Chemist: 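Quick one: the structure is below, and I'll ask about it shortly.
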Amino acid sequence: MTEMRGFRLDLFEVATAALLLVACAGETAPHGSADAATPASRADGGHPTSDAGDASRPAPCSACFDAGTDAARDARVVSVSNDAGRAMAEAGYAAADATLLDATPEASTDAGFRPPGYPGGRFGTAVGETFPYLRWVGYVGGGLDGGLVLDGPFTAYTSDDMRRSGKTLALFHIADFDCPGCNHAAIVLAGGARTAEEEGALVVEVLGSTQFTNPADKKHLDAWIQAYDLRTTTLIDEPGHELSTLDAIGIRETALVVELATMKVVFRMTGDLAGIGPSSLDSAFTYLHDHATP
């Protein structure tokens, strides 16, 4: 993955340069700074924005659930004010990820360690492989009646906790804070997670990175949850294991369905990274519905 991530970064610089050209021409530059942990400003009449100095706690996005693709497009972290600039940015994102879509992911298995009872086999995140042992920290969902997951304790969680959840299937999704497609997917996640849980699935969201290649931290995680009103388990990589989830899966905005008894990956899809076409979660939720335990 090292060489592949380096290639992704080189092509991301192309997208960045395109945005700078737009800014120099007097157009709108990307929102916020590198450490301003806010996916975007998404105020509506019932949800005023947070105080100006509290970028880590943007207002929830209730309007996005009904507004469809246009709202999803507007909910991105990186935006430009005109169609030409937007097209330039999206072309850069697509180019940066083109070689990763067909790549074979490399699993990060915590130096080969797996706890007692964790299934063996070929570790990886392709269909048929055993989901690797990964470590996270974050907020664990409290079930169907739980509120905003951010209201719970900040705690450790692993893929073995997924296995021991008592569920049959898990929907696992990886996002990047600055990825347009991931912002779109977060809207889909918030809208469909409750139904998936009602049908018996475990839903786990991992904010695997920021700016495509940098580790996400608690500030970004809190902002992600608040912005999209997430109520299911939402995590970042444990300190000392930064980017391990991205290394294991290979590309952001990817959804997996894992059969928890065996930890076998039974479904995998990467969605539209530009945030215009379908999210990986659209198909993942359909898969869960079709394979729900009666």
Side-chain angles (χ1 to χ4, degrees), residues 39 42 57-62 64-65 72 75 131 134-177 179 181-209 216 218 220-238 245 249 252-260 263 265-269 271 279-289 291-293:
R42 283 175 291 270
R57 303 275 299 197
C61 178
S62 61
C64 293
F65 292 100
F131 190 86
L134 296 171
R135 300 170 179 260
W136 306 291
V137 291
Y139 304 95
V140 179
L144 295 178
D145 297 326
L148 190 70
V149 70
L150 188 64
D151 296 336
F154 188 79
T155 188
Y157 193 80
T158 72
S159 51
D160 195 45
D161 292 315
M162 288 171 51
R163 181 181 70 89
R164 295 185 292 109
S165 66
K167 305 292 185 179
T168 301
L169 295 174
L171 170 59
F172 183 93
H173 182 259
I174 183 172
D176 175 276
F177 189 83
C179 162
C182 301
N183 280 261
H184 177 197
I187 298 170
V188 178
L189 177 66
R194 181 177 177 86
T195 298
E197 290 182 332
E198 288 174 343
E199 294 177 342
L202 175 69
V203 180
V204 176
E205 166 87 332
V206 171
L207 186 63
S209 58
K218 184 176 183 295
H220 290 92
L221 180 66
D222 290 355
W224 192 254
I225 293 168
Q226 182 73 14
Y228 295 107
D229 195 28
L230 299 180
R231 297 170 182 267
T232 55
T233 297
T234 309
L235 311 160
I236 55 175
D237 290 310
E238 183 181 72
T245 305
I249 294 178
R252 64 192 184 274
E253 219 294 80
T254 296
L256 309 177
V257 176
V258 181
E259 181 184 75
L260 293 175
M263 294 304 290
V265 177
V266 295
F267 171 93
R268 176 182 169 120
M269 182 175 181
S279 163
S280 65
L281 292 169
D282 291 313
S283 295
F285 281 136
T286 298
Y287 183 95
L288 284 176
H289 177 75
H291 294 81
T293 303

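A quick note: this is a predicted structure, and the numbers were derived from the prediction, not measured.
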Chemist: Check whether D229 reaches the backbone of I225 with its side chain - one donor and one acceptor, N or O, closer than 3.5 Å.
Modeler: no

Chemist: Which heavy atom of R231 sits nearest a heavy atom of G147, and at what distance?
Modeler: NH1-CA, 3.1 Å

Chemist: Within the side chain of R268, is there an N or O that forms a donor-acceptor pair under 3.5 Å with the backbone of I249?
Modeler: yes

Chemist: Under a 3.5 Å distance rule, please check whether T234 uses its side chain to pair with a backbone N or O of T232 as donor and acceptor.
Modeler: yes

Chemist: From I174 CD1 over to E205 CD, what is the distance, rounded to the nearest 0.5 angstrom?
Modeler: 9.0 Å

Chemist: Output all residues satisfying side-chain hydrogen bond (donor to acceptor under 3.5 Å, both in side chains) with H291, sequence neighbours left out; order by chain, then residue number.
Modeler: none

Chemist: Parallel under 30°, tilted from 30 to 60°, perpendicular over 60°: which one fits the rings of H220 and F177?
Modeler: perpendicular

Chemist: Measure the spacing between CG of L202 and CZ of R163 and express it to the nearest 0.5 Å.
Modeler: 13.0 Å

Chemist: Give a yes or no answer on whether the side chain of T233 reaches the backbone of G141 with a donor-acceptor pair at less than 3.5 Å.
Modeler: yes

Chemist: Between atom CG of L189 and atom SG of C182, what is the distance when rounded to the nearest 0.5 Å?
Modeler: 11.5 Å

Chemist: Describe, in one word, how the ring planes of Y139 and F154 are oriented to each other, choosing from parallel (under 30°), tilted (30 to 60°) and perpendicular (over 60°).
Modeler: perpendicular

Chemist: Tell me the closest heavy-atom pair linking G208 and D237, and the distance in Å.
Modeler: O-OD2, 3.9 Å

Chemist: If you compare all heavy atoms of A186 against all heavy atoms of W224, which two are closest, and at what distance to 0.1 Å?
Modeler: CB-CZ2, 3.7 Å

Chemist: I'd like to know whether F267 forms a side chain to side chain contact (heavy atoms under 4.5 Å, CB included) with L169, so could you lay out the CA-CA distance, the side-chain angles of the two residues, the decisive distance to 0.1 Å, and finally the verdict.
Modeler: CA-CA 11 Å; F267 171 93; L169 295 174; over 6 Å; no

Chemist: Which is it for L221 and L235 under the side chain to side chain contact (heavy atoms under 4.5 Å, CB included) test, yes or no, and what are the steps along the way?
Modeler: CA-CA 7 Å; L221 180 66; L235 311 160; 5.6 Å; no

Chemist: Rounded to the nearest 0.5 Å, how far apart are CG of L260 and CZ of F131?
Modeler: 10.0 Å

Chemist: List the atom of I187, the atom of Y228, and the distance in Å for their closest heavy-atom pair.
Modeler: CG1-CE2, 3.7 Å

Chemist: How long is the straight-line distance from CG of D176 back to OG of S209, given to the nearest 0.5 Å?
Modeler: 3.5 Å

Chemist: Compare every heavy atom of D161 with every heavy atom of A156, then report the nearest pair and how far apart it is.
Modeler: O-OD2, 4.4 Å

Chemist: Would you give the length of the straight line joining atom OG1 of T286 to atom NE2 of H289, rounded to the nearest 0.5 angstrom?
Modeler: 8.0 Å

Chemist: If you define the side chain from C-beta out and look only at heavy atoms, does anything of M162 sit under 4.5 Å from W136?
Modeler: yes

Chemist: What pair of heavy atoms forms the shortest contact from L171 to A255, and how long is it?
Modeler: CD1-CB, 4.2 Å

Chemist: For S280, give me all partners under side-chain hydrogen bond (donor to acceptor under 3.5 Å, both in side chains), at least two apart in sequence or on another chain.
Modeler: E253

